[in-house]
There are 2 protein chains.
Amino acid sequence: MANTDSINVRVLSLNCWGIRYLSKHCLQRYAMIGDMLCKEEHDIVLLQEVWSEKDYLSLKKKLACSHPHSHYFKSGVIGSGLAIFSKHRIHDTFLFRYSLNGYPYMAHHGDWFGGKAVGMAILNIGSLTANVYVTHLHAEYCRDKDSYLPHRVVQAWELQQFIRHTSAGADVVILGGDLNMHPQDLGNRLLRSYTGLRDSYLETAKFDGCEDGVTLIADNPFISKKELGPFEKGIRIDYILFKGSSKADLYCDFMSTTKGSVHDHPFPYSDHEALTAGLRLETLTPTGTGSDRQSKNQASDAGKLAELVDIVTEARTEVKVGLHCAERMRYTASRTGVMGLALLFLELAIAAVPWLALGAEQPFPRTSFYLLAALCFAILLTTSLLYIFYTMELKSLQSAEDQMRLAVGSLQEKLRGFPLAQPHNAQRRPPEGHDLSAFNPEE
Amino acid sequence: MANTDSINVRVLSLNCWGIRYLSKHCLQRYAMIGDMLCKEEHDIVLLQEVWSEKDYLSLKKKLACSHPHSHYFKSGVIGSGLAIFSKHRIHDTFLFRYSLNGYPYMAHHGDWFGGKAVGMAILNIGSLTANVYVTHLHAEYCRDKDSYLPHRVVQAWELQQFIRHTSAGADVVILGGDLNMHPQDLGNRLLRSYTGLRDSYLETAKFDGCEDGVTLIADNPFISKKELGPFEKGIRIDYILFKGSSKADLYCDFMSTTKGSVHDHPFPYSDHEALTAGLRLETLTPTGTGSDRQSKNQASDAGKLAELVDIVTEARTEVKVGLHCAERMRYTASRTGVMGLALLFLELAIAAVPWLALGAEQPFPRTSFYLLAALCFAILLTTSLLYIFYTMELKSLQSAEDQMRLAVGSLQEKLRGFPLAQPHNAQRRPPEGHDLSAFNPEE
């Protein structure tokens, strides 16, 4: 391959924490963010948690000169909170809503109402087609006992599916967002290994920012120590990932994060730090040596495939845990509903006896009768809604589990096509190892 | 290009009308369908309205020999009803749920509970990668006053987006399903022109089936004359669409539909007719003449683009009608809610007056008081739920409208790159005609 052209693209990702009236200093922070974006003139700006369309529109107005192209992704009750601003023309957009996103009755966590999704925008950068994705996965409220883990794993699964299936025609793929996952978390590994996306923090030539690239830091006045738990130094949960194609190589020349405070301002842009990645796109012209590259890729494939089988199997286990949990919850809901119904019948029976035996005195004071009946109806209504909700949750989990089983089967099929010994990659367990043979995709 | 290989693929699509206990002769019909599929051994079978997973599983068991690979797409409360059976190995599947699908309170229409979606399965047919899609769009209950039209147009929009964005890596694309649209309906034109999918009924060399390829026919005992309305001969709403790629040409050699009755059986397979398309895949090897083909395509692009702008504009108008309607409904819901609240306060005030003026007689009989309060609460609850629902509907419609505006802008941009005069295509209005100049994508 011969390089013919090189383009620099600066990408910013920021979770804006933009809950009007609830997030601290929301309007002032949006003004600061707008000023910064206007001044810095990144090529692509990926924002999350822009919950109010009004805030998006005011940003759009402010950035009309620096970023003439933009898109706001609408979904759910409140919206997806996702927005993209670009110097390059946006040709097409597409939105994929995750099938699972927390529970509506966990209103204080609020994720369910947000309609979490992944947004895609197709841009032309020079002669290249870039698929740019922005997303925000379900938050992790308690790492030790994370009841949302199956939901987040399914979201990561759907995210990798969406990126993989929609990026076949792309020369460049860029994903930015708040993944709410630590670098080595299951969902993150699933996403990176399946899509081949590379982490700009790990790939960058130069880095300027918080230690270990963390994006939730103790120095940020909007962050409480409690949120960070045992990770006193901070957590890295925001990412800019990228990959090239046969038509373009991608390199990360530099990366930076904000460090809590902003010069001349009393508070930072958000409770998350902003990430900036300087990517270099090198257009490739096929010169006949493309086959070398391909064969090299193929040689390392067996090891990668075996690793992928492990990761998908781990994800499947996690989804199964979620399935059992959802089944138990649905069972509890149905049992409570039946009890509510039984109580209602009992009440009606007790009330009916004296009514049938005319003249006998009504044993129920009228107020208690109505209150009890109202309680029964409330129980019935709530449990019915919960039953429907858990059924939907079950379907989504089962759907992901089915797809994962299929994926493992398909990966194993591919692996069987490889020679038994993999000379390079000796330290990694060979693909025909126990994890493959012990795992029956049909079970 | 030189043909090197030819593969025949037979595809069947059938809406099974499989509502357990409600659809007539459901179990017997499934048995008939299973027998037919087992005997006919189509390469790919695309089924819709397989509402019960049990029925899918019994079909799977029956077809284990003829169709070893299958997938059932789960979503929503009841499911998507979509299933695929295949002779060729299914490597990967993906499901996209439409953002709009009718109204939950239209329970007798039932579409909302089905979780309508489009399912994708990736198969390897010989050396070719085939993306096979199966879908079922929202039913049309009344053609003259079709309140679901904006929903169906948005579904068609999302369907074309999904196919377009996920099929870039496919050599062959096949879509089968019940689109619930007549051949020249807006959504159908949108789907076909945007994706370039070809209709096997229009393309087939040989046809054996109902006149005009209709799939809802008067002769079917499960169909009432009323359903067909003015279309006495029947309606064509089920389709098998296809397209090739630079790696494969696709031809439809024959097509057939069932004709209502089934030999040796008292009733047909379903209320819809089954479609079978015999497709021929010709693998192409690039021999350097590919550029001719491309330039020929490009020459006719301007006319197609102009047509596409018209269609998307028409779809946008339809979505705007839906937007106005949803806004009006949401306004009505909020006004009714406020009235319910006012009524509750009024009741409480009337009850409080004698309570404050101790000793005065309670003007409310206790039963009426509780009944009225319960009514107020019911109004408040219902209107709140409706308000949330209409907000979600609005977001989805706005999202589609935004994307359509972007698409029109992008198409116009492309059109500007074409020379003013289009020599061939004189009968069609030129791309710089009134429909483009009069239409401002930003409005």
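Lettering of chains follows the sequences in order, A, B, ..., and the numbering in each one begins at 1.
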Next on the checklist: Heavy-atom cut-off 4.5 Å, strictly under: side chain, backbone, both or neither for Ile122(B) against chain A?
Outcome noted: side chain
Item to check | Minimum heavy-atom distance between Ser75(A) and Lys395(B), given as atom pair plus value | outcome: O-CD, 4.1 Å
Checklist outcome for this item: In this structure, CG of Asn131(B) is separated from NE2 of His165(A) (nearest 0.5 Å) by 8.0 Å
Checklist entry - Are there more than 12 heavy atoms of other residues, nucleotides or ligands under 6.0 Å from atom OH of Tyr194(A)? => result yes
Next on the checklist: When you compare the side chain of Phe162(A) with that of Phe94(B), does any pair of heavy atoms fall below 4.5 Å?
Outcome noted: yes
Checklist outcome for this item: Turns out that what part of Glu393(A) lies under 4.5 Å from chain B's heavy atoms comes down to neither
Checklist outcome for this item: CG of Asp402(A) to CG of Leu95(B), rounded to nearest 0.5 Å, is 11.0 Å
Checklist outcome for this item: In terms of heavy-atom pairs under 4.5 Å with chain A, the winner among Gln398(B), Lys414(B), Arg97(B), Arg89(B) is Arg89(B)
Checklist entry - Is the centre of the Phe377(A) ring less than 6.0 Å from the centre of the Phe377(B) ring? => result no
Checklist entry - What distance do Gln403(A) atom CD and Phe73(B) atom CZ have between them, rounded to the nearest 0.5 Å? => result 8.0 Å
Next on the checklist: If you count heavy atoms of other groups shown closer than 6.0 angstrom to NZ of Lys247(A), is the number above 12?
Outcome noted: no
Item to check | Residue Tyr390(B) excluded, over 12 heavy atoms near OH under 6.0 Å | outcome: yes
Next on the checklist: Between His71(A), Met392(A), Glu53(A), who has the most heavy-atom pairs with chain B when the cutoff is under 4.5 Å?
Outcome noted: Met392(A)
Item to check | Closest contact, heavy atoms only, Gly169(A) versus Ala168(B) | outcome: N-CB, 3.4 Å
Checklist entry - Quick one: what part of Ile78(B) sits under 4.5 Å from any heavy atom of chain A, side chain, backbone, both or neither? => result backbone
Item to check | Interface moiety of Phe389(B) toward chain A, non-hydrogen atoms closer than 4.5 Å | outcome: neither
Next on the checklist: As an exercise: rank Thr166(A), Ile90(A), Leu371(A) by heavy-atom pairs under 4.5 Å with chain B and give me the winner.
Outcome noted: Thr166(A)
Checklist entry - Of the backbone (N, CA, C, O) and the side chain (C-beta and beyond), which part of Leu381(A) lies under 4.5 Å from a heavy atom of chain B, both, or neither? => result side chain
Next on the checklist: Counting heavy-atom pairs under 4.5 Å with chain B, which one of Asp92(A), Ile388(A), Thr391(A) comes out on top?
Outcome noted: Asp92(A)
Next on the checklist: Checking the side chain of Gln161(A) only, and the main-chain atoms of Thr93(B) only, is there a donor and an acceptor separated by less than 3.5 Å?
Outcome noted: yes
